[in-house]
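Starting from 1, each residue takes its place in the sequence as its number.
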Amino acid sequence: MTEETPGFDEKPDVPSGATPEDAEPQAAASSAEEAAAPAGDARQNVGLVAQLDQVRTALNERTLDLQRLQAEYQNYRRRVERDRVSVKEIAIANLLTELLPVLDDIGRAREHGELVGGFKSVAESLETVAAKMGLQQFGKEGEPFDPTIHEALMHSYAPDIDETTCVAILQPGYRFGERTIRPARVAVAEPQPGAQPAKGEGGDESGTGGSGGADDKENGGPEEG
């Protein structure tokens, strides 16, 4: 009898219906796949990194677009608010301008003592409402003439002033906020041409000198005699 050597008769596992010759190509193919797997993973990682960079670039661009839109919207809101306030101020100024003749009539009636009874109450209520809306009256006698807020209707000269001065208020001026609705209509006086300001300093000095000379004469007389 021939002794069988253990292990020599063992054959590799072959799928059912496959011949031993088919097992060798399958083993070679699996080895090739295992060798190609790292290269495929590397290419896939490179592709993912490229896609991630593209996504980050797109995200930065969209973020910048959003910031620009937000800034434009804030500027738009500020412009709209500024225009709204401006339109409101213009509307109020126009309304107050239409009321100025009525306020002038009230002022003349007050000067002549005709502001009495129910008319007085109505007039004072109207003045109060106009003041609440922001109407301010200006113009006083004795203040320096300012052509930006005063309108000179009469002109004269006076020796006791050293600058152009409002000597009479013919119609008061009105302003609304920083807006001058109507300048004050005034009579102005200018310094008399050739006249010196009456400050009293020159007169005092000349008076002192004259009195000093008289005192010298008076003091010198008794001493000489």
Taking C-beta and beyond as the side chain, do [X] and [Y] meet within less than 4.5 Å on heavy atoms?
X	Y	value
P144	E163	yes
F176	Q136	no
Q171	V186	no

Between [X] and [Y], does at least one N-O distance fall below 4.0 Å, as a salt bridge requires?
X	Y	result
D104	R182	yes
K140	E143	no
R110	E127	yes

Identify every side-chain donor-acceptor pair in residues 111-122 under 3.5 Å, counting partners at least two apart or on other chains, and give the distances.
from	atom 1	to	atom 2	distance (Å)
H112	ND1	R108	O	2.8

How far does [atom1] of [X] sit from [atom2] of [Y], to the nearest 0.5 angstrom?
X	Y	atom1	atom2	value
I169	L153	CD1	CG	10.5 Å
L170	M154	CG	CE	6.5 Å
R175	I149	CZ	CD1	6.0 Å
L59	L52	CG	CG	10.5 Å
E98	L103	CD	CG	12.0 Å

Q. Going only through I, L, V, M, F, W and Y residues with side-chain contacts under 4.5 Å, is there a path from L95 to L135?
A.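 The answer is yes; both residues are in one hydrophobic cluster.
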
Q) Are the side chain of S86 and the backbone of R82 linked by a donor-acceptor contact shorter than 3.5 Å? A) no

Q) By side-chain contact (heavy atoms from CB on, under 4.5 Å), which residues pair with V102, not counting sequence neighbours? A) I106, L126

Q: Tell me, with the steps shown, if L100 and I181 meet side-chain contact (heavy atoms from CB on, under 4.5 Å).
A: CA-CA 9 Å; L100 293 186; I181 298 179; 3.7 Å; yes

Q) Side chains of Q137 and Y174: is there a donor and an acceptor less than 3.5 Å apart? A) yes

Q | Pair Q74-R78, side-chain contact (heavy atoms from CB on, under 4.5 Å): steps then yes or no | A | CA-CA 6 Å; Q74 294 297 332; R78 283 192 290 267; 4.0 Å; yes

Q: Look at atom CZ of R77 and say whether more than 12 heavy atoms of other residues, nucleotides or ligands are closer to it than 6.0 Å.
A: no

Q.
Using a 6.0 Å cut-off, check whether atom CE of M133 has over 12 heavy atoms from anything other than its own residue.
A.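 Above 12, so yes.
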
(Q) Restricting to ring pair (Phe, Tyr, Trp, His ring centres under 6.0 Å), what partner residues turn up for F138, sequence neighbours left out? (A)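 None.
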
